[in-house]
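These notes are about the structure you will find just below.
Position 1 is the first residue of the sequence, and the numbers go up from there.
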Amino acid sequence: MAEVLATMVVGPLVSMVKEKASSYLLDQYKVMEGMEEQHKLLKRKLPAILDVITDAEEQAAAKREGAKVWLEEVRKVAYQANDVLDEFKYEALRRKAKKEGHNKDLGIDVIKLFPTHNRIVFRHRMANKLRVILKEIDVLITEMNAFRFKFKPGQPEPTNYLRQYNANIIDPTNIASRSRADEKKAVVSTLLAQVSNENLTVHPIVGMGGLGKTTLAQLIYNDPEIQKHFELRLWVCVSDNFDADSLADRIVKENGYDPSGSSALEKLQNVVSGKRYLLVLDDVWNRDEHKWERLKSYLQHGGKGSSLLTTTRDDKVAQLMGTTEVKNLKSLDEIYIKEIIETKAFGSKQVEQRPRELVDMVGDVAKRCSGSPLAATALGSVLHTKTSKQEWDAVLNRSTICDEENGILPVLKLSYNCLPSYMRQCFAFCAMFPKDYEIDVQSLIHLWMANGFIPEQPGVCPETIGEKIFNELKSRSFYQDLKSVRFEKKYNNFGWIKFKCCSKITCKIHDLMHDVAESSMGKECAAIATHPSQSEYALHSARHLYLSVCQPENLLNASVERGSPAFQTLICDGYVKEDLKILSKYNSIRALKIKRGSFLRPKYLHHLRYLDLSESDIEALPEDISILYHLQTLDLSDCVDLQRLPKELKYLTSLRHLYTDGCRKLKSMPGGLGHLTSLQTLTCFVAGTDSGCSNMRELQDLDLGGRLELRQLENVTGANGAQATGLGNKKKLTELELRWTDGDQEAQNNNHEEVVEGLKPHDGLKVLGIYSCGSSTFPTWMDMLNGMVELKLYGCKKLEKLPALWQLPALEILHLVGLESLHCLCSGATTAVTFQKLKVLFLFEMPKFEAWLDTDVVQGEETIFPKVEELAIHECGSLTALPKAASVITESSGGVDTKCRSAFPALRKLDLFGLSALEKWGAAEGIPGEEVTFPLLEKLIIDACPKLTGLPETPKLGTLAIEGEGQQISLQAASRCIPSLSSLLLDVSPDDTETTLLHVKQKWDHELPLAAMALNRCDLWFSSHPGALALWTCFARLVDLTIRNCDALVYWPENVFQVLVSLRRLSILWCSKLTGHTQAFDEQSAPERGGLLPRLESLCITGCISLVEVPNLPASLKTLDIGSCSDNIKSIIFGQHEYVMPVGGEGVVQPDTSSLIPGSSGSEAMACAAVLKLSSAANHRSLPCLEYLSIERCNRLSEVANLPPSIKILNINSCGNLQSLSGKLDVVQKLAIISCSRLESLESCVGELRSLENLMLDGCKSLVSLPDGPQAYSSLRVLQLKDCDGIKSLPPGLRSRLDCLEKKLIDARYEGPDLLETTWKRAIRTLACSK
């Protein structure tokens, strides 16, 4: 079916070629001189083919083989014609640039760059190409007439043959009613609440096909309360026909009525007249408002509380009809998807009769369904006839679950088939992205433009049309998870986190809709990411390719030899090291994303319209990039080494989007930037001082929009230079950043005030950032920015006073950082100060900031920050208190209004750090007994605030962190908050005593809901005082526990761990006295050793330098991490009853069993202090579930013995004395051994290595060989082998896999003779590996 339905994209392709054949540029520059007749023939014959495309597509879909082959040939010829017409258009642009002087600027290079652009040579060459195209079109038209294809206007009406047409729900096991119980309850409540509403209310349910909209409507329709509430209930499935008369007739007849009336609409009116009724219009597609209003006018005669429930895939239909909030249906929970599959696949079989191996696979099948009950039902039905694991695997391993066998695709394709052809093309193109890929909407539109998918409209820019197309597709449920990304976390080369400001919109495609796109594009689109085995077919047939593999050049260069098709779009997410031959062999590429640009050869890329080199390590672009006259988008963002742009950039007259943000070394912009009159986006302009560079005046006539950053503003001379940018006229700008170079503001020219005053933007600006400005006052235009939502002021060290920011009516986000001279946040106010819409407030690094308001402001009972939800204050050393609390009314969880005193009644997150003077929460003076309350606060972080001694009232607090040496908030003070918490981080106060423990325990007489707790310097909690253990009994629900810097922790705290029956993750960090020995208990008090921490899955022990034993590890343990335990440990021994240990830590080894038994005496254990014993409970073999083991920075460690065979990931790092590993790792998937210079062999610890996927050996200089075997390395995907001087050659099993790896980082000597192999041989081996 995928091949047949792929023909759906042929129509838009032919339509695009027809538009290009009529381009005015071809006539303006006479590039088709001498070929006028052929040009006319082309323009005349293409519409003839377009007229019958719809009929041919329908016949191909009906499996007429001749039609399918004909359409494939049409597609092939259309691509050829597209390339030929683009060559003509390029020649027109080249002649235009030549007329403007580009050839002169290129100099002698023009001959090398345009060797065939002599007009006579060009005419001869292109005439031949055009003749070939016309000849092939003639053949197609002859065949078209033979097939008798007919003209069919418009799109087919949607018809769903699988749809249920009545209200009767089939739900024998109540899965539907249970899975949609919450949604049903919400809609039923809304319907019942309309009881006194005199107007007809319409309640839309929206969602993509297959989510269960009809099922939910059936559940609501048949609900007992609904049946009782409504006098009359009606149901009709609308689908393809929304003619008001025929629909009224169907509503009446299908619900069993026969009223009087002269017309169907009158009969419907008579049926509902005076009665409270519910009408369900299922599966509505109509967008014609007139049709709806006509039907609605006859439905408005019902009684009070009458309602209409409608289901649709189209959000615009919902908005057209709906009178209440749209109910967007979400994917079904996986637990119900699994239940549906099991019910369908196993039928009436009892649970115990179902094959265990098939039941275990249900979870994987459910994941493929992506929350769609339709897919779950269909797949479950398919699997009902399949009784073996192999048959189930075959279904699971399909690239798409939508096929003819299960019938899912026709249902989902209904929405697709109703789209205009260009929209089908735009959506189907998204098949090139992997499933669950987060798509940047703006980049997607630019890719559509690059490929010519967006139809031209006179006077309308393609970006606007592209946005309309996207919004239309979104409204029809083709895209989901739409979100605006304000900050994107990134990492620089040194591992430090930096935050890059961005404002992009992203979306995803539901997996099943992705299947629709794939079925429509066939093999034209491909994504090679997690399944490199797809590479052979993809590289051979794809025209739009997404690659997310390491060293993509290996695959691409190999494909050149096989004659892969000419790529239109190539997106490489992996770093490219070597030249890409494919870029010089084919000149058809329209869109290219690659993380390297030094090998670009523009003379082979004439058709390129989209070039994304973001995050590349390039220092400069090739100068001849200026001959890419088609180029529309150039993305250089975050090219941190980029030092200059091409001098002749001004000749890229088609350029519409230039991204230069994050290019920190860029010091100026090339001259003549104002010539780029098509430019819509310029994210960063650097004001330079070089001769020949562009000054700010070049921006004056550019109609820029989106985000603009102006850098190095110290180079701008006065207000006139600033005003020359014309920022006030750039109405499309939404974000503006003004940056002076961070440094000595005194040394820079003293015109910052004039410049910032001259850079006045339009008053509709949404986001403004000012960085390192040396002005002591604010620009006067600030209070005119009535639409500003976000303001950021960074490093303005001289700024002493802020303007009246509280008067900005739209301000929601305020960041003030590094304002070293600022004393007061709100000064100069004559009336009470209130930030009406502010939601986020960050105040960082302002050492003189001490007051929220001027002393002469009379604030009264007005709250300054009524809407602030997030507040962070860092390193403001003079601040002594939060703002004065005012009397506010808040709504409690029970809906009852309560009165309290609060400065932040809406605050949900509060982060305080480095506030050395802060001592008050802002309590109102003179009102004893009234506390400051944060009624909605959910997360509170207090770090290094040594003068705070108490906590405010926080009834909804869920997360509390109190840390910093010397903090004074006692456990008793915190105890008021802890009972409601789910997460606690506590640096124990030095004032806490054993009396505190008793006092706190008296308050907590039950188990607390706390799930995660981290304790620092918590000696008191592990003291011998009875109150300590009693306190731990309150934490039986803990899932995650971290203990840091606890000197009282010497013995393994078995009595504490006995209480923590829910614990899954345990971390013990920098407890220098912990030995791990078990303390001697009498028989009555000793815990049941085999029952300690029964659910523990992860254990991390770091920096515990006295550690010699970890006893009684539970069988549930999956992850073990040991690090920086270097003072004592010479051996790590896994096991329970038997192990070997070195005598004196060196040389001969001999058996010893006594000290592994839990509870051995202290003297006996101390005798073997060089051995870390990891023992499991007595009734289990050694850690049977352990899958991950990491040992790092144990410098004296020489041996790791008896490694559990279940380990899948083994990481040993920086253990320079390690000599021996033993065990049998049969299922290991990742093996990483780094900087273990004395390790000589791996033979004694690894099995057959058939499961090994990732092998990393680095700095193991004594290692002399690697293990081998018949199946060794057969699954290997990643290999790093560096600085292992003792390994002279690779074993045959590993050598044979070298060219099959996704990622390879090895010393050159291991490549050996393979370096001499031809590209062709390498290609054969690469493709053989991928099969």
Side-chain angles (χ1 to χ4, degrees), residues 163-171 176-177 180-207 212-239 242 244 247-259 261 264-284 286 291-312 317-329:
R163 174 164 295 283
Q164 187 176 342
Y165 285 86
N166 57 49
N168 299 327
I169 187 166
I170 302 171
D171 187 24
S177 55
R180 294 297 188 191
D182 291 342
E183 290 95 332
K184 186 190 85 166
K185 182 179 178 182
V187 177
V188 167
S189 298
T190 305
L191 289 170
L192 298 179
Q194 310 301 320
V195 62
S196 59
N197 195 332
E198 295 186 357
N199 297 317
L200 177 67
T201 58
V202 184
H203 309 263
I205 300 173
V206 181
K213 301 181 295 296
T214 299
T215 301
L216 177 59
Q218 289 170 332
L219 289 168
I220 295 164
Y221 187 87
N222 292 300
D223 182 80
E225 287 189 82
I226 293 294
Q227 292 178 354
K228 182 179 178 182
H229 180 76
F230 290 100
E231 300 172 61
L232 179 66
R233 293 178 303 125
L234 306 165
W235 178 290
V236 70
C237 179
V238 181
S239 290
F242 202 93
L247 190 56
D249 186 56
R250 286 181 54 212
I251 293 171
V252 172
K253 290 180 178 178
E254 290 179 16
N255 288 278
Y257 293 94
D258 186 20
L265 285 166
E266 279 189 19
K267 290 180 180 180
L268 175 61
Q269 178 178 317
N270 291 337
V271 168
V272 301
S273 182
K275 298 174 183 173
R276 184 193 301 149
Y277 71 88
L278 172 66
L279 170 61
V280 177
L281 296 181
D282 185 34
D283 193 33
V284 181
N286 169 64
K291 287 182 179 181
W292 161 238
E293 290 296 337
R294 185 161 179 255
L295 177 65
K296 184 180 176 183
S297 66
Y298 287 87
L299 291 171
Q300 288 177 328
H301 296 275
K304 285 183 180 181
S306 292
S307 295
L308 192 151
L309 186 66
T310 180
T311 71
T312 179
V317 171
Q319 292 171 11
L320 168 71
M321 299 178 67
T323 61
T324 62
E325 185 179 355
V326 174
K327 179 67 180 177
N328 285 292
L329 202 58

Open item on the list: Contact between L247 and V236 at the side-chain level, heavy atoms closer than 4.5 Å - yes or no?
Closed with: yes
Open item on the list: Contact between L309 and P204 at the side-chain level, heavy atoms closer than 4.5 Å - yes or no?
Closed with: no
Task: Value rounded to 0.5 Å, distance of CG in L308 from CG in L279 - done: 4.5 Å
TODO: Using distance alone, with no hydrogens and no angle criterion, decide if T323 and T201 have a side-chain donor and acceptor under 3.5 Å apart.
DONE: no
Task: Distance, nearest 0.5 Å, that separates OG1 of T311 from CD1 of I205 - done: 7.0 Å
- [ ] Could you check if a side-chain atom of M321 sits within less than 4.5 angstrom of a side-chain atom of V284, using non-hydrogen atoms only?
- [x] yes
Task: Pairs flagged by side chain to side chain donor-acceptor pair (under 3.5 Å) wherever residues 183-193 is involved - sequence neighbours left out - done: R180-E183, K184-D223
Task: Nearest heavy atoms of S307 and L191, plus distance in Å - done: CB-CD2, 3.5 Å
Open item on the list: Whether the side chain of S306 engages the backbone of L200 through a donor-acceptor N/O pair (distance < 3.5 Å, no angle test) should be reported.
Closed with: no
Open item on the list: Measuring only between side-chain heavy atoms, which start at C-beta, is E254 closer than 4.5 Å to W235?
Closed with: no
Task: Heavy-atom pair of closest approach, residues A217 and V280 - done: CB-CG1, 4.2 Å
- [ ] Can you measure from CG (D282) to SG (C237) and round to the nearest 0.5 angstrom?
- [x] 5.0 Å
Which side-chain N or O atoms in residues 224-234 pair as donor and acceptor under 3.5 Å with protein atoms at least two apart or in another chain?
{"unit_1": "Q227", "atom_1": "NE2", "unit_2": "N222", "atom_2": "O", "d": "3.3"}
{"unit_1": "E231", "atom_1": "OE2", "unit_2": "R276", "atom_2": "N", "d": "3.1"}
{"unit_1": "R233", "atom_1": "NH1", "unit_2": "Y221", "atom_2": "O", "d": "2.7"}

Task: N/O donor-acceptor pair under 3.5 Å between K213 side chain and G207 backbone - done: yes
TODO: Without swapping roles, check the side chain of S196 against the backbone of G305 for a donor-acceptor pair under 3.5 Å.
DONE: no
Open item on the list: Does any part of the side chain of R294, heavy atoms only, come nearer than 4.5 Å to the side chain of K291, both counted from C-beta?
Closed with: no
TODO: State the CG-OG distance between L216 and S177, to the nearest 0.5 angstrom.
DONE: 11.5 Å
Open item on the list: Quick check for you: to the nearest 0.5 Å, what is the distance between D249 atom CG and L265 atom CG?
Closed with: 9.5 Å
TODO: Find the distance between CZ (F242) and CG (L295) and round it off to the nearest 0.5 Å.
DONE: 5.0 Å
Acceptor/donor pairs from residues 268-275 side chains to any protein atom, 3.5 angstrom cut, sequence neighbours excluded:
{"unit_1": "N270", "atom_1": "ND2", "unit_2": "S260", "atom_2": "O", "d": "2.7"}
{"unit_1": "N270", "atom_1": "ND2", "unit_2": "E266", "atom_2": "O", "d": "3.3"}

Open item on the list: Could you check whether any side-chain N or O of T310 sits under 3.5 Å from a backbone N or O of L281, counting only pairs where one atom can act as donor and the other as acceptor?
Closed with: yes
